[in-house]
Protein chains: 2
Amino acid sequence: MKRKISSSALRSAAFNRTRADHSHELAHDYCELIAELIDEKGEARGTDIALRMGVSNATVAKTLKRLSEQGLVEQEPYRAVFLTGEGWKLAEDGKRRHEIVEKFLLALGVSQRTAEVDSEGIEHHVSAETLKAMARFLARS
Amino acid sequence: MKRKISSSALRSAAFNRTRADHSHELAHDYCELIAELIDEKGEARGTDIALRMGVSNATVAKTLKRLSEQGLVEQEPYRAVFLTGEGWKLAEDGKRRHEIVEKFLLALGVSQRTAEVDSEGIEHHVSAETLKAMARFLARS
DNA sequence: GTGAAAGTTTAGCATTGGCTAAACTTTTGG
DNA sequence: CCAAAAGTTTAGCCAATGCTAAACTTTCAC
């Protein structure tokens, strides 16, 4: 009895976490990408974001509007995008996670290509505890 | 030059994979859960699915309709749900991945609770190559 | 400095995946 | 056997994320 109830609760908690992760993923990815572009080229333009995200520029424009309402980016019409303080925090956190996960996968023995692709999907679902365990593994190996 | 182009292509490929993964995730999770319920209780009812997924039963009904249009489940009005051959395949594949990822996380040293929650989010983004690497790690440790 | 190219935004549409409320069917207790 | 409870479905709403096509602005080349 007890077991059934607690297993349902745990299961649904896991699904809820996954859904919550998904709703933040895109914002994280955009911030991370914008930071990369600013770093590489000095500015982040819609076209470049669209190219790297693999979506149309209309989609990028719509998403950026949402992100700016959420206080993550700042932009003036027809101009490049910038990150707010909050946006930078997300970008940096994302970069850190991404690096750990990617290096971890490499250390586990997968190809560079696979590490890059898989880490993109995985990074958003790794809890602090798991991230720490991955970092520990890297430090040891 | 070359480097820039190929890095954009790789990056967008990763994002595209992640988006594709997301569109299949829910179907996999439902099939897996339905299989579990059938195994445990002999049948999968909407209420139980809703409870374990952590969503309303209206959402479950709508999703099941989509899944049945996709040929993954079969149902008659006001009756429990069953999996088609295709649905069973997804369920089994999901169960296998889930088990490997969860055990892998445990072997990495995280708590049972974290392993359960994180594996739910991670399993859908793990390629065949990474899954194999995880299995290898388990076999060795 | 002007006209074409490049880039951005807006409008309008579709799908997915949530929700609540209301209607309907099945099951169950007495 | 019938009323209430339990379960299911439908209707109608919303937000997020994608698209194309069209309108608009900026940049660039000449």
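All values reported here derive from a predicted model rather than from experimental measurement. In what follows, chains are A, B, ... by sequence order, proteins preceding strands, each numbered from 1.
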Under a single-linkage definition using a 4.5 Å side-chain heavy-atom cutoff for Ile, Leu, Val, Met, Phe, Trp and Tyr, are A/Ile122 and A/Leu90 assigned to the same hydrophobic cluster? no

Excluding sequence neighbours, so at least two apart, what forms salt bridge (charged side-chain N to carboxylate O under 4.0 Å, His left out) with B/Glu92? none

Going by the rule salt bridge (charged side-chain N to carboxylate O under 4.0 Å, His left out), which residues pair with B/Arg17 if we only count those two or more places apart in sequence or in a different chain? A/Asp118, B/Asp21

Hydrophobic cluster (4.5 angstrom, side-chain heavy atoms) - remaining members for A/Leu51: none

Please round to the nearest 0.5 Å and tell me the distance separating atom CG of B/Leu10 and atom CZ of A/Arg113. 5.0 Å

For residues 26-35 of chain A, which residue pairs pass the side chain to side chain donor-acceptor pair (under 3.5 Å) check, not counting sequence neighbours? A/Asp29-A/His124, A/Glu32-A/His98

Mind listing the residues from residues 17-27 of chain A sitting with a heavy atom below 4.0 Å of DNA chain D? Number order is fine. A/Leu26

Under 4.0 angstrom, heavy atoms only, what part of the nucleic acid is B/Thr47 near: base, sugar-phosphate, or nothing? sugar-phosphate

Which residues share a side-chain hydrogen bond (donor to acceptor under 3.5 Å, both in side chains) with A/Arg79, sequence neighbours left out: none

List in chain and number order the residues that pass side-chain hydrogen bond (donor to acceptor under 3.5 Å, both in side chains) with B/Arg96, two or more places apart in sequence or in another chain; answer none if no residue qualifies. B/Asp93

What residues in residues 60-80 of chain B put a non-hydrogen atom under 4.0 Å from any atom of DNA chain C? B/Lys62, B/Arg66, B/Tyr78, B/Arg79

Heavy atoms of A/Ala44 and A/Ile34 approach each other most closely as CB-CG2, 3.8 Å

Quick one, B/Glu129 and A/Leu105 - any side-chain contact, counting heavy atoms below 4.5 Å? no

In chain order, what residues pass the ring pair (Phe, Tyr, Trp, His ring centres under 6.0 Å) check against A/His22, with sequence neighbours excluded? A/His125, B/His22

Min and max contacting nt of DNA chain C in 5' to 3' order, chain B heavy atoms within under 4.0 angstrom, are C/dT16 to C/dT27

Report the residue (A/Asp48 or B/Val55) whose heavy-atom-nearest nucleotide on DNA chain C is the more 5′ of the two. A/Asp48

Under a 3.5 Å cut-off on both pairing distances, which runs of 3 or more consecutive Watson-Crick or G-U pairs involve DNA chain C? C:1-30 with D:1-30

Output side-chain donor-acceptor pairs under 3.5 Å for residues 134-141 of chain A, partner residues at least two apart or in another chain, one line each.
unit_1	atom_1	unit_2	atom_2	d
A/Ser141	OG	A/Phe137	O	3.2
A/Ser141	OG	A/Leu138	O	3.4

Name the residue from A/Leu67, A/Leu72, A/Val73 that meets the side chain to side chain contact (heavy atoms under 4.5 Å, CB included) definition with A/Leu83. A/Val73

